[in-house]
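The structure under discussion appears below in the form of structure tokens.
Residue numbers start from 1 in every chain, and the chains themselves are labelled A, B, ... in the order their sequence lines are given, proteins ahead of strands.
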Amino acid sequence: MASTIAEELAEKQREISVAEFFERNRHILGFDTLSRALVTSVKEAVDNSLDACEEASILPDINIGIDRISKNEYRITAEDNGPGIVKEQIPKVFGQLLYGSRFHTVRQSRGQQGIGISGVVMYSQLTTGRPARILSKIGPDRPAHLYDLIIDTKKNRPEILREEIVSWDKGTGTRLEVVAMGKYVREKRQSVLEYLRSTAMINPHAQIEFREPDGTVITFKRASDRVPQLPIEIKPHPEGCELGTVMKMAKDTESYRLSSFLVGEFSRIGNRTAREICSKALLDEDLRPQDLSRGQAKRLLQAFGGVKIMAPPMDCLSPMGEVLIKRGVKKEIAADMVATSTRPPSVYSGNPFQVEAGVAYGGELPKEQTAKLIRFANRVPLLYQQGDCVITKAVESIDWRRYGLEQRGGEGLPVGPVVFLAHVASTNVPYTSESKEAIADVPEIRNEVELALRECGRRMQAHIKKSERLQKLKEKEEIIRKILPLIAEKTSKVLDKPIPDISPIIAKIMDSVLIDGKSDYADGFYRVKIGVTNYTLHSKTFGLYLRFPSTALIEDASPQLDESKAGLIAWKLRLGPNDSIAISLRMGNLELGDYDMVECYVDKIDPEKVMGAEIWNGEFT
Amino acid sequence: MSNKPVESLEDVARSVYKDLVEAKIPKVNLSTRTKSNIVFDDDSRVWKYGDQLSTRSAKTSDGAYMLLRTIYTIEFIKEMLATNKSSTLREMYYISEGWDFAKFHEQQESDRLVEDLEVITRQLREDFKLRPEENGASIIGNLTVEEEVRRGGKRRINCKDDVGDAGYTIPTNVEKDKLRLVDADGDFIIALETGGMFDRLVENGFDESSRAILVHLKGQPARSTRRMIKRINSELGLPVVVFTDGDPWSFRIYASVAYGAIKTAHISEYLATPDARFLGITPSDIVNYNLPTDKLTDQDVKALNTELTDPRFGNEFWKGEIKLQLELGKKSEQQALAKYGLDYVTETYLPEKLSSLGMGG
């Protein structure tokens with residue numbers, strides 16, 4: 001007998017297995033292309049390791065290896081020194097999709113990204129049929145547990161193929177090995193290498209070692225010994241809540257009264273505010289939250305908007321800070337100058353967020369190419385969908401010509417030796433889509449990104465101007481030291497006449513005291529050298545000042561300092577015509593990136609007669 | 001041999017030396033060599049440099065380098081003249097390898113400096129015993145010349161009977177001491193941009209059927225080619241027509257033959273043939289003959305717009321044609337005439353165009 005249409009449909013409407021769900025949503029899960037699949041796999045593993053280490057206050061040592069097994073088959077190995085995972089949890093963490101996700105907490109975390117590490121296990125299993133191998137150890141005197149497992153795609157449960165105790169010469173840590181279909185690309189904006197480089201930049205406390213398929217090992221060195229502060233969880237702020245969320249919270253709460261529910265489950269609602277909200281919403285303070293109807297919840301939500309509620313607490317955010325960003329950028333980008341800026345925390349729709357930005361300029365960056373943009377959300381690099389991201393829009397809407405860069409029509413990405421980076425940290429980053437690769441164009445966020453970038457831009461502009469002045473100086477020096485003497489010599493030879501004295505011409509071209517400072521960093525010290533030459537026709541007596549970071553220890557100064565105060569060193573100099581002096585010293589207690597450019601100042605001398613230093617206007621106190 | 005080239009070079013060195021002794025920052029002045037500084041000279045009917053002067057001063061690093069290289073170059077030429085040697089421009093470029101940090105970075109720089117020296121001293125580079133390595137273009141037609149050959153002695157050459165299909169090669173030096181024009185039996189010179197068209201006219205026997213002297217320009221013509229055309233025109237009285245592709249770069253080829261090139265405006269009088277006429281391909285031809293076309297590239301459009309502000313293209317004919325081409329957005333090669341068959345160019349196109357210029361039978 002023929003079945004009814006409803007029965008036929010019911011036949012088809014069987015439960016979708018997780019495997020099917022995964023297959024259908026590959027693109028939003030980050031496995032849509034072979035090359036991206038590799039990036040995503042590494043990304044999930046690294047994110048997990050960084051989060052685990054952060055929670056356990058461990059300085060992360062992460063090893064990533066990619067081996068090519070056959071044409072499109074790669075073995076990905078990810079190992080960390082994190083706290084390890086207790087035996088019972090291992091199969092669930094790796095073998096069950098959406099297990100232990102952070103859906104319920106409001107806090108700045110990396111783990112909002114993608115589907116998690118079990119997605120990687122799922123992907124490798126679907127593409128190569130091979131199980132994942134996990135090794136984890138939670139203490140030096142504890143055994144290491146090894147698992148080979150696959151995901152039972154019908155039940156979304158781990159299926160353990162092998163389980164044993166092994167010895168592992170590691171204190172604590174976790175190691176994951178999967179074999180997956182992929183494609184390894186190098187030196188592209190969207191590549192494993194680029195992802196790791198950016199990750200190292202925004203996580204300077206991590207040491208990451210990466211072995212490429214051809215055996216090349218790249219080490220991203222640790223530049224800070226401080227584990228970032230663990231972001232604090234906060235309760236939802238009323239301003240950002242949606243109806244469904246409020247209703248669910250009301251259902252789940254353990255409070256018996258509406259007022260205590262409001263005070264207990266939301267941030268920034270005290271007793272008085274709770275009363276105010278209830279009266280505005282025409283609701284009884286003693287109403288059982290579990291009985292809240294849809295209509296009542298709606299009124300409650302409206303009342304949230306009508307009552308003055310303090311902005312959410314900001315201490316839940318963990319920005320990197322200007323110094324750390326600078327260190328991170330300096331170690332991964334060979335630029336002349338890095339300017340960074342951390343904005344104060346701010347709020348959009350009840351969600352706290354904070355923006356940090358950096359601009360790297362000059363050095364080995366390519367001069368004729370479009371500027372590079374590196375985006376981060378909650379310390380995770382965003383590699384895809386650059387065009388849709390608020391950070392891109394902010395960069396492109398700034399007229400960078402005003403800051404000394406080339407930019408067609410004053411909009412779009414400028415051209416020049418420059419890298420922009422911006423980090424948006426928030427308890428709830430507003431991504432444009434589930435793939436979480438672009439941040440939505442929220443006006444408050446855009447504004448903050450622009451402000452942060454502009455501040456960096458101003459410092460870059462000062463740097464560019466200064467380098468241009470320095471460049472001119474160098475040219476002049478070249479003229480007087482090399483070219484002019486040779487012109488005099490050659491001309492005399494052609495005419496068979498004596499070589500004329502050109503020192504009056506040199507004085508005419510320079511007519512000033514030239515100050516040229518350089519610094520370089522090695523073994524924990526910045527070595528500073530300053531050459532001072534008097535190219536005028538007269539003797540000059542003046543004060544020379546050098547600015548230094550207040551934490552630096554000054555050593556081996558030659559000649560001896562005449563004075564030294566916090567952040568400033570002074571010499572009294574006297575130079576006859578054509579005299580020069582070489583000043584040198586070293587600064588200890590500094591990390592690479594803590595000192596930018598040799599900044600010299602002078603006083604008691606005509607500013608027109610000095611090149612390479614500003615006039616000191618402040619008091620030397 | 002006259003000592004004038006040496007004298008004139010020493011004058012440059014003397015002025016630099018004088019600046020040095022008087023504690024002035026050394027400099028040299030020379031005519032500005034850009035299109036903003038070319039003016040039409042009514043007497044010679046060619047475009048020459050105007051009154052604008054540029055100063056190369058040791059105040060800037062570019063100027064200082066330029067001065068130093070100038071002195072080096074003067075020293076080099078002086079030595080060469082003293083020892084009766086000559087060199088190619090390329091050899092001079094390589095000589096500068098020994099000039100340490102004053103060396104040229106590419107040959108363009110040294111070529112340009114030699115031109116600067118021509119402008120400053122009002123001498124020709126031939127006077128400095130410098131010659132281009134490029135061989136001149138070729139001629140086929142009933143023209144007889146007498147050339148001074150390598151080991152002394154003269155050789156008489158008829159450019160129709162004494163040469164192969166490639167024609168007579170114009171030497172790099174075509175001045176009177178090297179080359180004498182004996183006579184020509186022809187009605188006009190036709191200067192051709194491409195080798196393909198030159199060969200086509202040779203194969204079709206155009207030189208004999210139309211009593212033409214064919215000159216292959218080889219793209220933008222070398223100095224000696226332009227000088228040769230100028231000499232045949234003025235000494236033997238043959239009119240000149242220029243036949244090129246129909247694009248902005250070809251118009252510049254014609255301009256350098258007829259009006260003088262911006263780069264060598266200081267010697268336009270020697271090189272330019274003011275009576276030379278442009279035969280085609282004109283943008284009007286593209287329409288009238290319905291020729292196969294290519295789209296103008298961005299660079300083409302830029303070049304056309306530049307020509308609209310170039311005083312050499314300031315007359316009605318050129319303004320009209322250039323604007324027409326910009327409207328069309330198209331260009332054609334001279335060989336596009338083959339659309340109508342291989343004989344079309346010699347049997348139809350050229351006769352029509354020549355008669356429209358009041359020439360040919």
Side-chain angles (χ1 to χ4, degrees), chain A residues 367-368 408-409 412 415 465-512 514 516 531 533-538 577-578 608-612, chain B residues 3 5-28 55-83 95-96 98-105 113 117 120-121 128 298:
Chain A
K367 289 188 176 61
E368 309 291 334
R408 256 196 198 188
V415 171
K465 275 197 180 147
K466 199 164 189 173
S467 338
E468 280 171 357
R469 271 204 301 274
L470 217 66
Q471 183 57 36
K472 274 203 188 113
L473 261 183
K474 292 244 159 76
E475 278 182 16
K476 284 209 158 166
E477 245 192 321
E478 195 182 27
I479 293 174
I480 56 163
R481 291 218 174 121
K482 279 166 65 183
I483 310 178
L484 213 50
L486 205 54
I487 290 179
E489 187 195 316
K490 282 274 153 197
T491 312
S492 311
K493 194 179 153 211
V494 167
L495 299 173
D496 203 13
K497 286 185 174 174
I499 301 175
D501 171 24
I502 55 168
S503 53
I505 300 180
I506 289 178
K508 217 171 218 170
I509 291 179
M510 298 300 279
D511 195 26
S512 50
L514 185 82
D516 180 15
T533 310
N534 178 5
Y535 283 113
T536 70
L537 293 171
H538 308 282
N578 274 322
E608 299 284 311
K609 302 279 180 194
V610 181
M611 287 187 192
Chain B
N3 236 355
V6 176
E7 275 296 312
S8 65
L9 289 173
E10 282 183 355
D11 281 344
V12 180
R14 263 190 286 277
S15 96
V16 171
Y17 191 80
K18 189 161 169 267
D19 284 341
L20 291 171
V21 170
E22 291 172 2
K24 289 181 189 157
I25 299 170
K27 63 169 184 350
V28 291
T55 300
R56 306 272 166 86
S57 155
K59 216 183 234 167
T60 67
S61 117
D62 285 352
Y65 270 112
M66 142 79 192
L67 270 182
L68 180 58
R69 287 171 184 156
T70 305
I71 302 295
Y72 264 113
T73 307
I74 287 172
E75 187 189 21
F76 166 68
I77 295 173
K78 223 185 123 182
E79 272 170 25
M80 208 163 56
L81 291 174
T83 53
I95 290 276
S96 87
W99 299 354
D100 196 11
F101 59 86
K103 76 176 182 197
F104 297 109
H105 301 296
L113 183 64
L117 272 177
I120 297 168
T121 61
F128 299 148
D298 290 349

Pair A:N534-A:T536, side-chain donor/acceptor within less than 3.5 Å: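 A:N534 vs A:T536: donor-acceptor pair found between side chains.
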Test item: side-chain donor near acceptor, B:E22 and B:Y17, under 3.5 Å: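 Their side chains do not contain a donor-acceptor pair, so the 3.5 Å distance test is not met.
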Most contacts with chain B, counted as non-hydrogen pairs under 4.5 angstrom, among A:K476, A:E478, A:K490: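 Between A:K476, A:E478, A:K490, the count favours A:K490.
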Top contributor to chain B interface from A:I509, A:I502, A:I505 [non-hydrogen pairs under 4.5 Å]: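 If we count pairs closer than 4.5 Å to chain B, A:I505 comes out on top.
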Contacting moiety of [X], where chain B heavy atoms sit under 4.5 Å:
{"X": "A:K493", "answer": "side chain"}
{"X": "A:L486", "answer": "both"}
{"X": "A:I487", "answer": "both"}
{"X": "A:S492", "answer": "both"}
{"X": "A:P498", "answer": "both"}

Portion of [X] that has a non-hydrogen atom of chain A nearer than 4.5 angstrom:
{"X": "B:K59", "result": "backbone"}
{"X": "B:T70", "result": "neither"}
{"X": "B:F101", "result": "side chain"}
{"X": "B:D100", "result": "neither"}

Atom pair OH/CG of A:Y535 and A:D511 - distance to nearest 0.5 Å: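 The CG atom of A:D511 is 13.0 Å from OH of A:Y535, to the nearest 0.5 Å.
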Candidate pair B:F128 and B:T73, rule side chain to side chain contact (heavy atoms under 4.5 Å, CB included), full reasoning: CA-CA 10 Å; B:F128 299 148; B:T73 307; over 6 Å; no
Other residues, nucleotides, ligands: >12 heavy atoms within 6.0 Å of B:K24 NZ: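 Incorrect, the count does not exceed 12.
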Carboxylate-amine/guanidinium contact A:K482 A:E477, below 4.0 Å: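 A:E477 and A:K482: not salt-bridged.
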A:K472 bridged to A:E468 by N-O distance under 4.0 Å: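 A:E468 and A:K472: not salt-bridged.
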Close aromatic pair by centroid cut-off 6.0 Å: B:W99 and B:F104: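 When the ring centroids of B:W99 and B:F104 are compared, they turn out to be within the sub-6.0 Å range.
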